[in-house]
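Structure record follows, encoded as structure tokens.
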Amino acid sequence: MQNTPSGTLYLVSTPIGNLEDITLRALRILEAVDLIAAEDTRQTRRLLTHYDIHTPLTSYFEGTSSAKCDKLIARMKSGEAIALVSDAGTPIISDPGYPLLRGCIDAGIPIVPIPGASAVITAASVSGLPLHNFAFEGFLSPKSGKRKRQLSVLTDDERTLIFFESPHRICRFLEDVLEVMADREIVVTRELTKRFEEIFRGSVSEALERFRDTEPRGEFTIIIAGKKEKR
């Protein structure tokens, strides 16, 4: 493994849709490590098969036991190199892996980020909203009452705000945004880099009308304009 030390955790970013959106370095690491810990082994196997990579896989998802986390850390302490990948994008960001990362930090195991695709940055870059200062909030609560309280805290924030949401909750999310934050500018993206990529720009009410008309599909990244600064 050239220039790739053993006993290391690699945080490897993978494509968010289009399989061509992966770096040469990421491919080299995925081929060279002893094991890949994947959020969904079926999804990761599709990527590995596409690039003819045959590294062993193990599952590492949100419900992974602490015992398995300890076993992975023990393997790295014995000299093995492990790559952590999520279903898509950059690991750890609203994805499983934090306990493993913290465990490696506490154990003094080297951690190497392998940068690449991120739905947050991809959506933000094409939004047309100010990005000199923005906040990523990830997934809010699935419960409307708590979600409204979370949005209320952000109502007076002047930064551009970025959220993740699932297709079956997108309309309820937009309804709560409209109620709490009023009808401000919004960009709703889904299926980024995939065949049916969509980037919707407009007001919150217009977005709600758009996604009520058809059954939403795909994972959503939503960018909402911050509160206008008083002049």
Side-chain angles (χ1 to χ4, degrees), residues 1-125 131 133-139 162 164 192-194 219 221:
M1 192 188 304
Q2 184 181 7
N3 298 323
T4 309
S6 60
T8 300
L9 176 67
Y10 293 91
L11 305 180
V12 182
S13 298
T14 55
I16 60 174
N18 192 313
L19 293 182
E20 294 179 3
D21 294 333
I22 191 166
T23 68
L24 295 175
R25 185 184 180 203
L27 293 175
R28 177 176 66 82
I29 294 296
L30 291 175
E31 187 170 30
V33 293
D34 299 290
L35 182 70
I36 298 171
E39 181 180 3
D40 185 335
T41 55
R42 295 166 299 179
Q43 181 81 2
T44 301
R45 189 169 284 113
R46 175 172 168 261
L47 173 67
L48 300 183
T49 300
H50 184 80
Y51 286 104
D52 196 27
I53 295 172
H54 304 282
T55 305
L57 283 170
T58 189
S59 61
Y60 191 95
F61 51 91
E62 190 171 358
T64 298
S65 68
S66 58
K68 182 164 187 178
C69 183
D70 292 341
K71 288 180 180 178
L72 293 175
I73 291 171
R75 291 182 66 162
M76 285 181 277
K77 289 175 75 172
S78 72
E80 292 190 13
I82 295 179
L84 176 68
V85 300
S86 61
D87 281 356
T90 301
I92 309 295
I93 301 176
S94 288
D95 281 319
Y98 182 73
L100 181 61
L101 175 64
R102 283 304 319 177
C104 287
I105 292 172
D106 293 341
I109 294 170
I111 302 163
V112 179
I114 309 299
S118 167
V120 178
I121 301 304
T122 302
S125 67
L131 295 176
N133 191 9
F134 64 90
F136 171 61
E137 295 292 328
F139 287 97
I162 303 174
F164 284 159
L192 287 172
T193 79
K194 298 179 183 178
E219 295 302 313
T221 304

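- Leu27 is listed as a side-chain neighbour of Ile22, based on a closest heavy-atom distance under 4.5 Å.
- By the side chain to side chain contact (heavy atoms under 4.5 Å, CB included) test, Thr58 pairs with Leu35, Ala37, Lys68, Leu72, sequence neighbours left out.
- The side chain to side chain contact (heavy atoms under 4.5 Å, CB included) search around Ala135 returns Glu137, Arg159, Leu161, not counting sequence neighbours.
- Summarising the geometry of Ala83 relative to Leu30, their closest heavy-atom pair is CB-CD2, 4.0 Å, with the distance given to 0.1 Å.
- Qualifying salt bridge (charged side-chain N to carboxylate O under 4.0 Å, His left out) partners for Arg46, counting only residues two or more places apart in sequence or in other chains: none.
- The two residues Val12 and Ala26 have their closest heavy-atom pair at CG1-CB, 3.8 Å.
- For the salt bridge (charged side-chain N to carboxylate O under 4.0 Å, His left out) condition, the pairs that include at least one residue of residues 78-95, sequence neighbours left out, are Arg75-Glu80.
- In this structure, the side chain of Tyr51 engages the main chain of Leu19 through a donor-acceptor pair within 3.5 Å.
- Every side chain to side chain contact (heavy atoms under 4.5 Å, CB included) that Ile109 has, sequence neighbours left out, goes to Ile73, Met76, Lys77, Cys104, Ala107.
- Scanning for side chain to side chain contact (heavy atoms under 4.5 Å, CB included) contacts around Ala117 gives Ile16, with sequence neighbours left out.
- Looking at heavy atoms from C-beta onward, Ile36 lies in side-chain contact with Leu57 at the 4.5 angstrom threshold.
- Taking the side chain as every heavy atom from C-beta outward, Ile82 and Tyr10 never approach each other to under 4.5 Å.
- Between Thr221 and Ile162 the shortest side-chain heavy-atom distance falls below 4.5 Å.
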